[in-house]
Structure formats: structure tokens, C-alpha cells
*Asks:* 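Structure in C-alpha cells, see below.
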Amino acid sequence: QVQLVESGGGLVQPGGSLRLSCAASGSIFNFNVMDWYRQAPGKARELVASITSGGRTSYSDSVKGRFTISGDNAKNTVYLQMNSLKPEDTAVYLCHVFYYWGQGTQVTVSS
């Protein structure tokens, strides 16, 4: 049984940065893949970034080069560093591991 809690969202200016955290109640690195998704109003849920237990990463084309996913095994936490943020990045960001989901953290990019 794993509980995921996201944090780090907020309001940021275009071009700014945020770092999201996904803290797990138990070890999530027993699972093969950890993901960040985002959900914007009126749009489909989108896979943003993934990291495997071996440290391999992948990104959607829309965030590639701007976002970085990483993990800290000792802290049972997955991070999403978001740089050069754009208004179209505005969404609720959700952590996903296996069939577990966090409740999400709101990211708003606006001037």
C-alpha cells in the first residue's frame, strides 16, 4: 500500500521555475516506472515525464529540454524540475506509480 502526496505547485511567471515533489509513504523504487502526468481543464490527461527504477527517463515533446524528472531513493520521493515555464504548462500535476495516484498539485503560469 502506497500513498503519494504532491507538493511544490503554485503561481509562477512565464519563464520561471518550480520544483514539484511526490513523497511516498513507502518505497516506490520497488516499482519499475514512476510518472508525472498533468491535467488541464478541458484537455486530456497528458503523460509529462517518466523515470524507471534504473534511472532512465523520458519526456513528452512539449516539455523536453525544460523539465527534468529525478528520484531520491532515501527519501522515497520523485521530483519534477520545471524550467522556462509557459502558460500552456498550467495544469494540475499528478504523480503516478503503478496503480497509485496522488491528488495533484496546481501549477499556474501567468503574468
*Asks:* Provide the closest heavy-atom pair for L94 versus G102 in the form atom of the first, atom of the second, distance.
*Replies:* CD2-O, 3.6 Å
*Asks:* Quick one: closest heavy-atom pair of P14 and S111, and the distance?
*Replies:* CD-N, 3.7 Å
*Asks:* With heavy-atom distances below 4.5 Å as the criterion, would you say the side chains of V97 and L4 are in contact?
*Replies:*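 V97 vs L4: side chains touch.
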*Asks:* Can you say whether the rings of F67 and Y93 are parallel (under 30°), tilted (30 to 60°) or perpendicular (over 60°)?
*Replies:* tilted
*Asks:* Side-chain heavy atoms nearer than 4.5 Å, only ILVMFWY residues, links allowed to pass through others: does that put L80 and V2 together?
*Replies:*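 Yes; tracing contacts between hydrophobic side chains, which count when under 4.5 Å, links both residues.
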*Asks:* Please check if any side-chain donor atom of S110 sits under 3.5 Å from a side-chain acceptor atom of T108, or the reverse.
*Replies:* no
*Asks:* Count I, L, V, M, F, W, Y as connected when their side-chain heavy atoms are under 4.5 Å apart, and connections chain through other members. Are Y99 and M34 then in the same cluster?
*Replies:*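 Yes, Y99 connects to M34 through the hydrophobic network.
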*Asks:* Same hydrophobic cluster for W101 and L47, using side-chain heavy-atom links shorter than 4.5 Å among ILVMFWY?
*Replies:*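 Shared cluster, yes.
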*Asks:* Do D89 and K86 sit within salt-bridge range, that is, some charged N less than 4.0 Å from a carboxylate O?
*Replies:* no
*Asks:* With side-chain contact (heavy atoms from CB on, under 4.5 Å) as the test, would you mind laying out the steps for E88 and S62 before giving the verdict?
*Replies:* CA-CA 10 Å; E88 52 263 42; S62 62; over 6 Å; no
*Asks:* One pair to check against side-chain contact (heavy atoms from CB on, under 4.5 Å): M82 and V12. What are the steps and the verdict?
*Replies:* CA-CA 11 Å; M82 306 185 295; V12 65; over 6 Å; no
*Asks:* Can you tell me if T90 uses its side chain to pair, donor with acceptor, with the backbone of V109 under 3.5 Å?
*Replies:*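 Checking the backbone N and O of V109 against the side chain of T90, a donor-acceptor pair under 3.5 Å is found.
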*Asks:* Under 3.5 Å, which donor-acceptor pairs do the side chains of residues 68-76 form with other protein atoms, sequence neighbours left out?
*Replies:*
unit_1: D72; atom_1: OD1; unit_2: A74; atom_2: N; d: 3.1
unit_1: D72; atom_1: OD1; unit_2: K75; atom_2: N; d: 3.3

*Asks:* Look only at the side chain of Q39 and the backbone of R45, and say whether a donor-acceptor pair between them is shorter than 3.5 Å.
*Replies:*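 Between the backbone of R45 and the side chain of Q39 there is a qualifying donor-acceptor contact (under 3.5 Å).
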*Asks:* Under the side-chain contact (heavy atoms from CB on, under 4.5 Å) criterion, do C95 and W36 qualify, and how do the steps go?
*Replies:* CA-CA 5 Å; C95 184; W36 283 98; 4.2 Å; yes
*Asks:* Using atom types as modelled and distance alone, determine if a side-chain donor or acceptor of E6 lies under 3.5 Å from a backbone N or O of G104.
*Replies:* yes
*Asks:* Return yes if some donor-acceptor pair links the side-chain N/O of S21 with the main-chain N/O of A23 below 3.5 Å, else return no.
*Replies:* no
*Asks:* Atom OG1 of T52 and atom CG of D35: how far apart are they, to the nearest 0.5 Å?
*Replies:*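 Going from OG1 on T52 over to CG on D35, the span is 10.5 Å.
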*Asks:* Look at the side chain of Q3 and the backbone N and O of S25, then say whether any donor-acceptor pair between them is shorter than 3.5 Å.
*Replies:*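 No.
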*Asks:* Hey, any chance L18 and V78 share a hydrophobic cluster, counting ILVMFWY side chains that come within less than 4.5 Å of each other, even indirectly?
*Replies:*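 Yes, L18 connects to V78 through the hydrophobic network.
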*Asks:* List the atom of V33, the atom of S50, and the distance in Å for their closest heavy-atom pair.
*Replies:* CG1-CB, 4.1 Å
*Asks:* If every non-hydrogen atom of G9 is compared with every non-hydrogen atom of V107, which pair is closest and at what distance?
*Replies:* CA-CG2, 4.2 Å
*Asks:* Check step by step if side-chain contact (heavy atoms from CB on, under 4.5 Å) holds for V63 and R38.
*Replies:* CA-CA 11 Å; V63 308; R38 65 186 181 188; 3.8 Å; yes
*Asks:* Could you see if Y100 belongs to whatever hydrophobic cluster contains Y79? Use Ile, Leu, Val, Met, Phe, Trp, Tyr and a side-chain cutoff under 4.5 Å.
*Replies:*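 Looking at the clustering, Y79 is in a separate group from Y100.
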